[in-house]
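Below is one structure, written out as structure tokens; the observations come after it.
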Amino acid sequence: MSPWLIALAMAGGLAALTVGAELLVRGASRLARAAGVSPLVIGLTVVAFGTSAPEIAVTVGAAVTGEAEIALGNVVGSNIFNVLAVLGFSALASPLVVQRRLVRSEVPVMVLLSFGVAALCLDGSLGRLEGATLAASLAGYLWWTVGRARAEGNGPGDWPDGAGFPDTNVVRDVALTAAGLILLPAGARMLVSGASEIARALGATELVIGLTIVAAGTSLPEAATSVMAALRGERDIAVGNVVGSNIFNLLGVLGLAGLVSPSPVGVPEAALRFDIPVMLACAVACLPVAYTGYRIDRWEGALFTAYYFAYLTFLALDATGHSAAGPYGRVMLAFVLPLTAATLGTMAVRTWTARRLRARARAKAREARG
């Protein structure tokens, strides 16, 4: 492919991602308002599952052709990218406000599912029984999420402007949402193709390209959608998209891969040693980060972004067989990640203690007035 065609493909992909994200956020948010459903529920379901289309295509295709490392690695890599890069970039663009429901329900669900999938991977493979279990769990999660939304009666009051139901054209908004869901994976595919050509021209190996560009590329729809949602003030969609996408990747994408694969999906030893523990650390880190003030500030977004580049550094060192890969990985797992977890946990405990003290003070003030 000529340099001009590569540049054109990348420019077209970037444009498709930008326009697709704008259309999806605009259409989905309008439909949610009209239906009286909170933006958080839309972000956890329609937007999250729609932006996971590239993960489905890559993972299921790899499973059918017997490329187990790509099938599992894409899910694990995408979940890491979603937390570190997507949430990081979105928080850098605009601090994210996190609903209490997300902290109390969906994020713990994501953490438990991450550990559950890790446990299923310990024997070195994921077969049809595990795939069916994960797929059935996704159906249960959807039933629970929609049921809770109906029971809570989420409506216009959940929206930032509290403006009530707008003048809605359902056909138009469905068309906008569908167009966004089509443009996002198409744009990601064009951008990944162009970036891969450049990487090959620079001498990068296929393994490095797969570990970096392909894994990140399939998550570009989530990145574009969350950043656009943050900039437009739909911050529940921005955070819900990441949490919902990670849950869908673990249950839907990996479950479908286990069901359609002609043989059990193999779990590489390297993934068990490093990548899956990093995925677990990312999931756990969401709890204290979201709990401190129920928001993700810019400095926390910068921390997540820095960790993603540190993770990419390890992938590059490991893929090229560099002697520093082993010590670098051990330092990350043994010191850096636990230290960060302890720091974030301490902040969460302090926040919880301060809230308890304030609540007690308010209660005593009310008693004194009474």
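- The minimum heavy-atom distance between N249 and S78, with the atom names listed, is ND2-CB, 3.9 Å.
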Let me check something: any side-chain donor-acceptor pairs from residues 108-132 under 3.5 Å, sequence neighbours excluded? List them with distances.
residue, atom, partner, partner atom, Å
S114, OG, M110, O, 2.8
D123, OD1, S125, N, 3.2
R128, NE, L259, O, 3.2
R128, NH2, S261, O, 3.2
E130, OE1, G127, N, 2.9

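- A heavy-atom distance below 4.5 Å is found between the side chains of C286 and V83.
- Atoms CG and CG, on N79 and L280 in that order, are 10.0 Å from each other to the nearest 0.5 Å.
- With sequence neighbours excluded, the residues satisfying side-chain contact (heavy atoms from CB on, under 4.5 Å) with A281 are L337.
- Residues satisfying the side chain to side chain donor-acceptor pair (under 3.5 Å) criterion with S105, sequence neighbours excluded, are R148.
- Distance OG1/T133 to CG/L251: 10.5 Å, rounded to 0.5 Å.
- Between atom CG of residue L312 and atom OH of residue Y308 there is a gap of 4.0 Å, rounded to the nearest 0.5 Å.
- With sequence neighbours left out, the ring pair (Phe, Tyr, Trp, His ring centres under 6.0 Å) criterion links F274 to F314.
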Query raised in the report: Run the side-chain contact (heavy atoms from CB on, under 4.5 Å) check on D275 and Y311 step by step: do they pass?
Result: CA-CA 9 Å; D275 300 282; Y311 174 68; 2.6 Å; yes
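- A pairwise comparison of heavy atoms in D297 and A91 identifies O-CB, 3.8 Å as the closest pair.
- In this structure, the side-chain contact (heavy atoms from CB on, under 4.5 Å) partners of R360, at least two apart in sequence or on a different chain, are R356.
- Under the rule for a side-chain contact (heavy atoms from CB on, under 4.5 Å), the partners of A310 that lie at least two apart in sequence or sit in another chain are Y328, M332.
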Query - Worked verdict on C282 versus L84 for side-chain contact (heavy atoms from CB on, under 4.5 Å) - result: CA-CA 7 Å; C282 291; L84 297 184; 3.6 Å; yes
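- Just one residue in the list T305, L96, V243, N82 forms a side chain to side chain contact (heavy atoms under 4.5 Å, CB included) with L87, and that residue is L96.
- Under a hydrophobic clustering in which Ile, Leu, Val, Met, Phe, Trp and Tyr are joined whenever their side-chain heavy atoms come within less than 4.5 Å, directly or via other members, W144 and V107 fall into the same cluster.
- If you take CZ on F304 and CH2 on W299, they are separated by 9.0 Å, rounding to the nearest 0.5 Å.
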